[in-house]
Protein chains: 2
Amino acid sequence: MNLKELAELLGLSQTTVSRALNGYPEVSEATRTRVQRLAQAHNYSPNARAKGLATGRAHAIGHVIPISGSHEMVNPVFGDFISGVGEVYAREGYDLMMSVVPSDDELPAYRDMLARSSVDGVVLHAPMMDEPRIALMRELGLPFIVHGRASNEAKPYAWLDVNNKSAFLRASDFLLDLGHRRIALINGDESKDFAHRRREGYLEALAARGLTPEPALMRSSEMTEVFGYQSARDMLAGANPPSAFLAASMITAIGIRRAIEDAGLRMGRDISVVTFDDDLSYLKNGSDVPIFTACRSSVRSAGVQLAEMLLRQIADPSAPPETRLLEVELIAGRSTGPVRV
Amino acid sequence: MNLKELAELLGLSQTTVSRALNGYPEVSEATRTRVQRLAQAHNYSPNARAKGLATGRAHAIGHVIPISGSHEMVNPVFGDFISGVGEVYAREGYDLMMSVVPSDDELPAYRDMLARSSVDGVVLHAPMMDEPRIALMRELGLPFIVHGRASNEAKPYAWLDVNNKSAFLRASDFLLDLGHRRIALINGDESKDFAHRRREGYLEALAARGLTPEPALMRSSEMTEVFGYQSARDMLAGANPPSAFLAASMITAIGIRRAIEDAGLRMGRDISVVTFDDDLSYLKNGSDVPIFTACRSSVRSAGVQLAEMLLRQIADPSAPPETRLLEVELIAGRSTGPVRV
DNA sequence: CAGATTAACCAAAGCGCTTTGATACACTGT
DNA sequence: ACAGTGTATCAAAGCGCTTTGGTTAATCTG
């Protein structure tokens with residue numbers, strides 16, 4: 001069923017039918033309802049490609065998902081984030097176009113999306129401190145928003161980020177207040193901006209108490225369970241082990257916990273752990289009292305807000321780029337306690 | 001840069017340029033290379049919508065992601081699966097179109113994708129035993145493939161599934177061989193087909209040894225950490241606790257492990273655990289010796305194979321629907337041991 | 001060397017929609 | 001009675017591509 005057939009069936013021109021369906025005023029209410037009825041009855045939806053061709057708008061948002069080279073690693077927050085943006089897209093009649101590419105091929109993937117004009121805007125994931133994609137987006141003139149920030153980017157751009165620095169500053173303070181002095185940082189990949197900011201927060205907290213950071217207590221890599229486990233195991237086996245850990249994700253924290261227990265210690269009593277919690281749907285931080293003391297910030301809600309910001313920008317490209325910094329909640333759980341002497 | 005401009009620049013007709021780029025034989029090699037060169041130089045890619053309109057093919061595959069009603073729960077395997085299919089799509093020049101919808105709105109979402117003809121085929125996720133989407137796909141005449149199976153579907157359809165029944169049969173046998181007789185099943189949501197099959201495998205293994213399943217030792221829900229924890233905690237606190245657990249996912253197993261340790265017991269020594277392991281990139285089952293004894297089957301690899309099957313079907317819709325049953329590997333880890341007497 | 005074939009190209013139609021610019025037909029107000 | 005103003009409709013162009021059905025000139029047959 002296409003517009004032409006529908007128009008013939010109604011004895012109207014395509015123009016009128018199109019206008020009736022798209023809510024233009026120059027159509028009588030009587031005809032409009034008649035048109036809508038029949039369209040409904042025949043399950044008519046305009047062909048997205050034809051509509052796009054005619055209007056020049058794709059009504060789709062692009063997400064390019066880079067797969068970290070060798071590991072083919074997918075970010076575990078991905079599902080929840082997509083569910084957040086997807087909800088908004090669905091509500092606003094936008095499609096979600098995804099492109100999974102090896103990290104190296106990422107830039108061409110964006111170029112291609114634009115050249116083929118299959119999207120009206122894109123979301124940039126996991127920015128690095130120096131983020132070449134931002135310059136590319138500007139060059140292409142494609143509306144975009146960054147999930148996170150790129151510290152070394154001078155000019156303004158739209159972004160939504162959680163306050164990673166303040167989160168880790170507060171988390172570190174929490175542990176310091178409990179008397180911990182040897183706090184290990186099990187960070188995410190520090191070429192990524194978010195991890196760099198978290199480290200800054202951690203360092204600032206230590207500095208404020210006159211403590212010198214110890215390289216042996218700082219690690220950074222992709223946030224897997226195994227990475228958390230191995231880091232914690234190694235550190236706990238060292239000559240001068242930490243009394244607390246600061247973890248970059250629930251998954252890493254679970255690995256840390258495993259190492260603590262393998263060492264015959266108990267989390268929360270012998271060793272404290274604070275983690276960053278993205279509040280993932282499949283990985284809630286306990287039910288009543290949280291398992292981990294954590295900086296919590298729902299990545300799903302971030303997705304919702306980010307999508308709304310991007311759609312606003314597409315609707316009015318002349319407006320200055322919106323930015324939003326989300327504060328985390330620091331919630332006390334059972335994984336922390338005063339340092340043991 | 002569009003075809004018309006490119007043709008003018010080359011002093012050729014649009015027809016010839018189009019044919020040159022699409023590899024038709026009726027173009028001299030000299031012109032072809034000249035065209036390709038200039039196209040490359042100007043970063044020309046044909047407009048996807050116009051191409052789609054003209055050819056009637058979208059060159060896109062649809063994935064409809066249902067969000068379980070109240071919980072807004074996203075399957076944790078989602079990211080890895082998408083990364084698998086996405087790799088194939090990228091390689092074959094297909095786009096990935098995603099639609100996130102509340103479970104109830106799922107059927108209309110498919111209808112809509114077809115009506116707007118924005119996809120050439122779709123992937124059905126997480127089928128139930130009675131799966132209405134299959135009938136809908138047939139009615140719509142849209143090529144599709146199911147990730148999993150729908151037990152109560154009589155007519156043939158394309159699917160790729162892991163052998164869930166044999167996996168849980170073998171896992172149960174493994175525990176039974178170790179002397180365990182009270183084995184708890186912490187299953188996924190049994191309205192879903194995969195969970196139902198797993199339960200069948202479990203029951204069959206018990207029956208083969210003349211054991212009667214105990215309702216108190218069987219639970220089924222969404223596979224979260226908290227669900228694993230609560231189930232195991234309750235069962236361990238019961239009068240006649242199980243000596244082993246069979247878990248439906250790594251996440252659930254991690255919850256079970258937490259309950260075991262909270263009860264002052266040790267996994268692998270006091271209580272055994274076998275889990276299903278989707279081999280997620282961010283949640284590897286340990287590094288050298290696996291943490292959990294597990295049925296392993298990479299969901300990413302499943303995605304790759306499934307995408308290839310679907311694209312073959314789109315290329316040749318008259319071919320009978322392909323099906324593929326993947327066997328899991330049963331790998332021994334540190335979470336299992338002989339029953340303690 | 002006339003006629004058939006082939007190689008290389010092109011003009012124009014068509015995919016299904018939106019949108020521009022008309023048109024036809026009431027109504028007003030003077 | 002007449003220009004003026006809405007109101008409700010339509011025909012046709014155009015979005016950027018592919019593809020059908022040519023045309024032309026060169027090459028091959030017998």
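Computation of the quantities below employed the complete heavy-atom set of this structure, encompassing side-chain atoms and omitting hydrogens, waters and symmetry-equivalent molecules. Every chain is numbered from 1 and lettered A, B, ... according to where its sequence line falls, protein lines coming before strand lines.
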- Contact residues, residues 39-56 of chain B to DNA chain C [heavy atom, < 4.0 Å]: B:Leu53, B:Ala54
- With sequence neighbours excluded, residues passing side-chain hydrogen bond (donor to acceptor under 3.5 Å, both in side chains) with A:Asp95: B:Arg116
Mind listing the N/O atom pairs, protein and nucleotides 23-28 of chain C, below 3.5 Å?
none

- Task: On DNA chain D, reading 5' to 3', which nucleotide is the first and which the last to sit with an atom under 4.0 Å from a heavy atom of chain B, could you check?
- Result: D:dG16 to D:dG21
- Excluding sequence neighbours, so at least two apart, what forms side-chain hydrogen bond (donor to acceptor under 3.5 Å, both in side chains) with B:Gln305? B:Ser301, B:Arg324
- Task: Compute the angle between the rotation axes at the two ends of the helix from C:dC1-D:dG30 to C:dT30-D:dA1, each taken over five pairs, rounded to 10 degrees.
- Result: 40°
- Is atom CD of B:Gln40 surrounded by more than 12 heavy atoms (other residues, nucleotides or ligands) closer than 6.0 Å? no
- Separation of C:dT19 C1' from A:Arg57 CZ (nearest whole Å): 15 Å
- Query: Does B:Tyr94 have any ring-ring contact (aromatic ring centres under 6.0 Å, His included) partners at least two apart in sequence or in another chain, and if so, which?
  - Reply: B:His59
- Message: Can you list everything that forms a side-chain hydrogen bond (donor to acceptor under 3.5 Å, both in side chains) with B:Thr31? Sequence neighbours excluded, please.
- Response: B:Ser28
- Counting only non-hydrogen atoms, which of residues 8-26 of chain A are less than 4.0 Å from DNA chain D? A:Gly11, A:Leu12, A:Ser13, A:Thr15, A:Thr16, A:Arg19, A:Glu26
- Determine yes or no for a side-chain-to-main-chain donor-acceptor pair under 3.5 angstrom, with B:Arg49 supplying the side chain and A:Ala54 the backbone. no
- Item | Pairing residues for A:Glu308 by the side-chain hydrogen bond (donor to acceptor under 3.5 Å, both in side chains) criterion, not counting sequence neighbours | A:Arg91
- Residues that A:Tyr89 engages under ring-ring contact (aromatic ring centres under 6.0 Å, His included), provided they are two or more places apart: A:His63
- Who passes ring-ring contact (aromatic ring centres under 6.0 Å, His included) against A:Phe78, sequence neighbours left out? B:Phe78
